[in-house]
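Take a look at the structure set out below.
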Amino acid sequence: MAKYEKDGYEADKNDIIIFDKASSQRLNLTAHWDGTVNSFIWSKDNRKIYFVAPSKGTVQIFELTVPTNLKNKSLASIKQISEGNFDIIGIVGQVANQLIVTSTKFTRATEIYKYDLANKTLTALTTVNDKMYAHISDNKIESRITKASDGQDLFSWVIYPPDFDPTKNTQRFYIAKVALSLH
């Protein structure tokens, strides 16, 4: 379950907390992790929890290994398992060694993909808008890090218009997705 530390503080981080019915104890599996959970799903073997969370200006898949002895209250192992210039919107389910997810790219609509847990690859299962995209030029996309006034790194994406020509000063481009880099 995801929860907020206090009512009215919806900007607090979302955690994964498990409840042991036998002991009536709760264990926050992500309290030690400096991130916020968007959504999650248990693995088929109930030993792991896969979840999506923001990471460096994108939303990626993470894997949490559930401690085998909850009474020890040991820290869960958490690692990011996907990486790329896309957002994983949600995890639909697990089939064998693959997660079925919804994902979007900066200039593309959401589609359904399979994420192979062994090969760490994302493969489209649906291509609803491909015919439309065939007639649209791709955008150049760059990541940038600048220093904020407090000295922290400020991460942003620059998405250029299709066929952008930097030698023409009449063209404009827009910065989309700005986030403080936490790592």
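In this text the structure is predicted, and so the values were computed from the model without any measurement.
- Taking a 4.5 Å side-chain heavy-atom cut-off between Ile, Leu, Val, Met, Phe, Trp and Tyr, the cluster of I89 contains only that residue.
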Exercise answer: donor-acceptor pairs, residues 126-136 side-chain atoms, under 3.5 Å, sequence neighbours excluded:
| unit_1 | atom_1 | unit_2 | atom_2 | d |
| --- | --- | --- | --- | --- |
| T126 | OG1 | E111 | OE1 | 2.5 |
| T126 | OG1 | I112 | N | 2.9 |
| Y133 | OH | A109 | N | 2.6 |

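- Between V66 and W42, some side-chain heavy-atom pair lies under the 4.5 Å cut-off.
- Shown here is K44, whose NZ atom has no more than 12 heavy atoms of other residues, nucleotides or ligands within 6.0 Å.
- At a threshold of 4.0 Å, the pair D15-K13 counts as salt-bridged, since one of the basic side-chain nitrogens sits closer than that to a carboxylate oxygen.
- Cluster membership check: F86 shares its hydrophobic cluster with L117, using side-chain heavy-atom separations under 4.5 Å among Ile, Leu, Val, Met, Phe, Trp and Tyr.
- Using a 4.5 Å heavy-atom threshold, the side chains of T102 and I88 count as separate.
- In this structure, NE2 in H32 is found 5.0 Å from CG in L75, a value given to the nearest 0.5 Å.
- The minimum heavy-atom distance between N14 and T30, with the atom names listed, is O-OG1, 4.4 Å.
- Residue Q80 qualifies as enclosed at atom CD: its count of foreign heavy atoms under 6.0 Å is above 12.
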As a quick check of understanding, evaluate ring-ring contact (aromatic ring centres under 6.0 Å, His included) for F51 and W33, giving each step before the final call. CA-CA 13 Å; F51 65 91; W33 180 67; 5.2 Å; yes
Run the side chain to side chain donor-acceptor pair (under 3.5 Å) check on T121 and N119 step by step: do they pass? CA-CA 5 Å; T121 55; N119 299 327; 4.8 Å; no
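- Residues F106 and N85 meet the side-chain proximity criterion, which asks for heavy atoms closer than 4.5 Å.
- In this structure, R47 has no salt bridge (Lys or Arg N to Asp or Glu O under 4.0 Å) partners at least two apart in sequence or on a different chain.
- Between V158 and I141, the closest side-chain pair of non-hydrogen atoms is not below 4.5 Å.
- Rounding to the nearest 0.5 Å gives a distance of 5.5 Å between CG of D153 and CD1 of I145.
- Under 3.5 Å, the side chains of S55 and Q60 contain no donor-acceptor pair of N or O atoms.
- Taking each heavy atom of G93 and I41 in turn, the nearest pair found is CA-CD1, 3.4 Å.
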Could you go through V101 and V92, starting from their C-alpha distance and side-chain angles, then the distance that decides it, and tell me whether this counts as side-chain contact (heavy atoms from CB on, under 4.5 Å)? CA-CA 5 Å; V101 301; V92 178; 5.9 Å; no
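- Side chains of F19 and S24 form a contact here, defined as non-hydrogen atoms less than 4.5 Å apart.
- Side-chain contact between I18 and R26 is absent, with no heavy atoms from C-beta onward closer than 4.5 Å.
- Applying the salt bridge (charged side-chain N to carboxylate O under 4.0 Å, His left out) definition to pairs two or more places apart or across chains, those involving residues 94-108 are R108-D138.
- Heavy-atom minimum distance, L122 versus S103: CD2-OG, 4.1 Å.
- If you take OG on S77 and CD on E63, they are separated by 7.5 Å, rounding to the nearest 0.5 Å.
- Identified under the ring pair (Phe, Tyr, Trp, His ring centres under 6.0 Å) test for residues 110-129, with sequence neighbours left out: none.
- Residues passing the side-chain contact (heavy atoms from CB on, under 4.5 Å) test with S43, sequence neighbours excluded: D45, K48, Y50, Q94.
- Here the straight-line distance linking atom CG of L64 with atom CD1 of I81 works out to 11.0 Å at 0.5 Å rounding.
- Between the CG atom in L154 and the OG1 atom in T146 there is a gap of 4.5 Å [rounded to 0.5 Å].
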Apply ring-ring contact (aromatic ring centres under 6.0 Å, His included) to W157 and F155, showing your working. CA-CA 7 Å; W157 289 105; F155 182 89; 5.2 Å; yes
